[in-house]
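Have a look at the structure below before the remarks.
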Number of protein chains: 2
Amino acid sequence: MEKGLRADARRNRDLIVAAARELFLEQGVDVPLEEVARRAGVGVGTLYRRFPDRDALLRAVGEESLRRLADLAETACRDEPDAWHALCRFLRGSVALRLGVLPAKLEPHLHQRMRVGPDLHEMRQRVIAAVLRMIERAQADGALRTDIGPGDVALLMTLNVYTPPGMHSEQAMGRVVEIVLDGLRADAGSPLPGTPLDEDDLRHYTAVRLPPAE
Amino acid sequence: MEKGLRADARRNRDLIVAAARELFLEQGVDVPLEEVARRAGVGVGTLYRRFPDRDALLRAVGEESLRRLADLAETACRDEPDAWHALCRFLRGSVALRLGVLPAKLEPHLHQRMRVGPDLHEMRQRVIAAVLRMIERAQADGALRTDIGPGDVALLMTLNVYTPPGMHSEQAMGRVVEIVLDGLRADAGSPLPGTPLDEDDLRHYTAVRLPPAE
DNA sequence: TTTATGCGGAGGAAAATCTTCCGGTTAGGG
DNA sequence: CCCTAACCGGAAGATTTTCCTCCGCATAAA
């Protein structure tokens, strides 16, 4: 990505994005940019040079998250021969990404302010395609319950519970995810209320529409 | 609760707490208090008179949430003859309370700044007792999987997924909760990783310890 | 060695938020 | 019905937070 930067500049850019990602998760997207700079170990000047405003930074973090998710989906889909296991791996991984905390605040940016290239859209398509394939195969195998749609999976990707400090939260979340996976098995339970959520139900989800040029 | 207030004062107090609860959920606990006042339909002065600082308001909101939760737990436990159904009702209800968004920010207050009476502690006990009873009975009935502890249920109470605007989020959350409930059934699945979380694992959870008087 | 590119962070501008204060209003007892 | 203590609203000044530019120094790359 981002090319034509001197080596140190490139390194700092990545440090900043990583720090921002952490802080957005921990404290919300309103953290002072100075704090981001501090955590990244760079000066504010450096941050402002690379990211003219908060939105630019937000966008970078969003892109990175989505890319990670897309990679995860495709890797799981490709490397795991059994569709059900692929789905498990994907869901465990995406919950670990802690996507749930970001989009609530990212959303308005994605929709309104972001003038965004086709990259994001493409990554989104990659995720959808992979998830769809996993779902269909797993349902054909009789492993995944049939009243589940891609929209449901997308929802579950952002699964989140509050884990109090002091508790080993990764372990706790691990248990929760497994419970959910058990709830997704074909033999799991009574039919769900409503109808399976499909991609259209998530039209607005991390939606990347090119905003009308102003 | 709060007694000795003139009727209008009392009414305003409640309006403020309700507004604060909404806004804390929507925008985080850092919302300007002026905005809380506006939504409550009162002047800032009124808010400050009743709640000297943000912490006081936070505390009030926390108390109310916990009380609702306690009521829910006891009602479910009492009114529902079948333990499994009681648990379902409780979990559906507590997720609807959207507890998950609050405590992350409430926590430091509960721990460090809040000089809190025994009421909170007592309400917490009420929740624990009711949950414990539901769990034990449901497990004895062979309805609830046995590798689940009260701590797990407490975690699940705060269940949360990101629902994009435009989607009917209540319906979506409803599906998620049912999936989780299916995952909790005795016949659900493979054993969970780790050991059942008990109350001690949640010692810090909405923990109400009298802070050392300063 | 040279130089274009990048760095840090001090500090003034701007914005957001807090908190007080007081003239006017209202509930509710007598 | 009337009186008064209790309460209300919100303007305005104080304070804190956050932004973001600017420039002298450092360093990667050729």
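What's counted below: heavy atoms across the whole structure, side chains too, no hydrogens, waters or symmetry copies. Every chain is numbered from 1 and lettered A, B, ... according to where its sequence line falls, protein lines coming before strand lines.
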Determine: side-chain N/O of A/R10 to OP1/OP2 of C/dG6, distance under 4.0 Å, yes or no. no
Base, backbone or nothing for each nucleotide of nucleotides 22-30 of chain D, written B, S, -, heavy atoms under 4.0 angstrom, 5' to 3'? -----BSS-
Distance, rounded to the nearest Å, where B/L33 contributes CG and D/dG9 contributes P: 15 Å
Look at B/T46 and D/dG9 and indicate whether a side-chain polar atom (N or O) is within less than 4.0 Å of OP1 or OP2. yes
Using OP1 and OP2 only, check whether a side-chain N or O of B/R13 sits under 4.0 Å from D/dC7. no
Measure from CG on A/D53 to C1' on C/dA15 and round the result to the nearest Å. 17 Å
B/E35 has an atom CD; how far is it from atom C1' of D/dG10, in whole Å? 16 Å
Quick note, B/Y48 side chain, CB onward, closest among C/dT19, C/dG9, D/dC8 is C/dT19
Hey, mind stepping through A/I16 and A/R39 against side-chain contact (heavy atoms from CB on, under 4.5 Å) and telling me if it holds? CA-CA 8 Å; A/I16 290 171; A/R39 163 107 41 136; over 6 Å; no
Would you call B/D182 and A/R145 a salt bridge, using N to O less than 4.0 angstrom? yes
What does B/N12 touch in the nucleic acid at a heavy-atom separation under 4.0 angstrom: a base, only the sugar-phosphate, or nothing? sugar-phosphate
Angle by which the axis turns from one end of the helix from C/dT1-D/dA30 to C/dG30-D/dC1 to the other, five pairs per end, to 10 degrees: 30°
Give the minimum heavy-atom separation between B/E199 and B/P150, together with the two atoms involved. N-CG, 4.0 Å
